[in-house]
Amino acid sequence: MSIEFREDLPYDPSDKSSILEYANELVGHTLREKTDAGSVEDPKVRRGAFGDGVEYSYFGIEPNSVQGPDFPEAGLELKTTPVKKAKSGKLTAKERLVITMIDYMTVVDEEFETSTLVDKAKDILLVTYLYEKDKDPLDYVVELATEWGLPEEDMPVFKEDWETVVNKVRAGKAHEISGSDTLYLEACTKASNSSVRRQQPFSDIPAKPRAWALKASYMTAAYEKMGMQDIKRGEGERALGLLELVRRRFEPYLGLTEEELGSRFGYVHEGKHKPKNLCALVTRRILGVDEGAKIAEFEKAGIKPKTIRLKKSGRPKEAMSFPKFDYRELVERDFEDSDFLGYLEQKYLFVIYREGGDGAYRLSDVCFWQMPDDDIPEARRCYDQMRDNVRSGHAEVSVKSSENRCCHVRPHGRNAKDTCPTPYGVPVVKKCFWFNQGYLREEIAKALAAEK
DNA sequence: GCATGATCATGC
DNA sequence: GCATGATCATGC
């Protein structure tokens with residue numbers, strides 16, 4: 001079977017530059033304007049309908065289930081993917097970009113460099129469109145049509161991610177793969193319904209079908225880069241894994257006290273009291289966030305740096321806050337759709353200071369952390385409990401840290417007068433969710449043990 | 001020493 | 001001017 005094209009095409013499907021030129025004409029336009037497509041199926045009914053419209057109505061590719069590239073002679077793979085605009089105006093990926101299904105039986109014999117993934121993702125015609133809720137897909141505006149492939153400088157991380165997943169299959173643990181195992185790549189589940197399972201080579205346990213995909217956070221950073229010049233960075237740093245790269249950044253500062261670091265970065269002056277968030281400022285500086293050269297990998301991997309000061313006992317001096325929540329939103333939105341769940345699913349870089357015998361806090365460790373999936377239900381309990389409080393007209397009542405193993409609720413405003421409206425009309429002091437100190441203590445101990 | 005309420009400093 | 005990422009302060 002081969003790809004078939006409609007006759008009398010306005011471009012040459014065997015010529016890459018002709019395809020790209022024609023694709024470019026779609027930018028800033030909609031399928032309604034550029035094709036005679038009557039209607040595209042409702043994307044809620046069937047995902048990918050817009051993509052099918054682009055493929056069939058615009059490029060004239062006859063519907064098929066062929067495994068090869070969409071433009072075999074030009075070697076191009078057509079991928080259509082939604083973006084949305086953030087409040088800041090920046091384009092962000094609405095979803096992960098799925099590349100190709102993972103075949104558990106054959107992937108174990110592949111090597112990364114010559115893998116199906118690398119092959120499928122090396123030459124992509126990427127067409128992005130602005131997703132707008134309630135809009136007919138025919139009226140989605142195409143934002144970008146460009147040739148794109150996995151960037152060379154990201155390969156070390158992709159390779160690490162790929163091996164993490166493939167090694168699980170090789171160990172007969174395909175059923176234990178999780179999307180959160182990896183940084184840029186994601187082995188995402190892909191099946192028509194949740195009961196579908198596939199055979200794996202080294203275990204009798206059936207595993208969920210999964211596909212290679214690029215995480216949404218990675219794609220968001222990639223879009224930014226497509227519109228900007230490359231970020232300059234030392235060549236030596238490129239080949240390193242992310243953790244190693246971060247370690248190297250922090251290495252020169254390990255063992256220094258908060259005050260020493262503060263004066264080194266110019267935050268501490270004689271006769272001026274030290275800023276409350278000194279450690280956090282120092283972390284930013286070491287990561288280079290202020291130099292306009294944000295560690296690009298951080299954004300791509302969606303990692304959030306957090307500074308934690310551990311007391312002599314090993315317990316964090318403070319709990320860890322999240323952004324404040326809106327009481328009205330809390331009541332309206334289920335946990336599944338909440339910002340809170342988004343924060344919980346983030347990967348974090350913990351920058352750890354320890355209290356010494358002299359009472360000074362010294363920079364001592366960095367580690368990555370992500371909340372274990374098993375703890376999510378406990379956090380959900382906290383969310384639902386606070387939701388019930390607000391529903392019953394008592395937003396002022398918080399969930400105490402003694403009531404939940406993982407998190408609690410506490411004020412988070414400028415002061416007691418800094419309030420947020422409630423659904424029942426009475427403003428209540430702004431609050432947010434916090435990770436409990438006890439919970440953090442255990443998790444940090446686990447994370448550090450795992451990295452040693 | 002811990003839990004909880006209150007507040008601060010900075011950057012965008 | 002406010003969100004953010006934290007720390008401080010107080011009472012038990």
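Side chains are part of it too, since the values below use all heavy atoms of this structure and drop only hydrogens, waters and symmetry mates. Quick note on labels: first sequence line is chain A, next is B, and so on, each numbered from 1.
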Whole angstroms only, please: what is the NE2-C1' distance between A:His412 and C:dA9? 16 Å
So does A:Arg414 get a backbone contact from the side chain of A:Lys430, meaning a donor-acceptor N/O pair under 3.5 Å? no
Just compare B:dG5, B:dT7, C:dT7 and give me whichever is closest to any side-chain atom of A:Asn415. B:dT7
Is the base of C:dA6 touched by the side chain of A:Ser321 through a donor-acceptor pair closer than 3.5 angstrom? yes
What is the nucleic acid contact for A:His408, judged by heavy atoms within less than 4.0 Å: base, sugar-phosphate only, or nothing? nothing
Specify the separation, in whole Å, of atom CZ of A:Phe325 and atom P of C:dA3. 14 Å
B:dA3 phosphate, OP1 or OP2, under 4.0 Å from A:Lys400 side-chain N/O: no
What integer distance in Å separates A:Asp418:CG from C:dT4:P? 12 Å
Round to the nearest Å and state the distance from A:Lys417 atom NZ to B:dG5 atom P. 18 Å
Could you state the CZ-P distance from A:Phe435 to C:dG5, rounded to the nearest angstrom? 13 Å
Donor-acceptor pair, A:Lys347 side chain versus A:Leu183 backbone, under 3.5 Å? no
Should A:Ser401 be listed as having a side-chain N or O under 4.0 Å from OP1 or OP2 of B:dT4? yes
Provide, to the nearest angstrom, the distance between the CH2 atom belonging to A:Trp434 and the P atom belonging to C:dC8. 12 Å
Looking at A:Phe50 versus A:Tyr129, is the centre-to-centre ring distance below 6.0 Å? yes
Do the side chain of A:Glu318 and the base of C:dC8 come within less than 3.5 angstrom through a donor-acceptor pair of N or O atoms? yes
Length of the line joining A:Lys431:NZ and B:dT7:P, which is rounded to integer Å: 15 Å
Taking the nucleotide of DNA chain B with the closest heavy atom to each, which residue, A:Glu396 or A:Arg441, is nearer the 5' end? A:Arg441
Taken to the nearest whole Å, NZ/A:Lys311 to C1'/B:dG1 is 6 Å
If only side-chain N and O atoms of A:Lys306 are considered, is one of them under 4.0 Å from the OP1 or OP2 phosphate oxygen of C:dA6? yes
Can you see if the side chain of A:Lys317 gets near the phosphate of B:dC2 - specifically, an N or O under 4.0 Å from OP1 or OP2? no
Would you say the side-chain atoms of A:Asp139 pair up with the backbone N or O of A:Arg32, donor to acceptor, closer than 3.5 Å? no
Distance check: side-chain N/O of A:Thr307 vs OP1/OP2 of C:dA6, anything under 4.0 Å? yes
Keeping the roles fixed (side chain from A:Thr100, backbone from A:Leu117), state whether a donor-acceptor pair exists under 3.5 Å. no
Could you tell me whether A:Lys430 contacts a base, only the sugar-phosphate backbone, or nothing, with contacts defined as non-hydrogen atoms closer than 4.0 Å? sugar-phosphate
Do any side-chain nitrogens or oxygens of A:Arg414 fall under 4.0 Å of OP1 or OP2 in B:dA6? no
Between A:Ser321 (side chain only) and A:Trp434 (backbone N and O only), is there a donor and an acceptor less than 3.5 Å apart? no
Any side-chain N or O of A:Arg410 under 4.0 Å from OP1/OP2 of B:dT7? no
So, is A:Arg315 near the phosphate of B:dA3, with a side-chain N or O under 4.0 Å from OP1 or OP2? yes
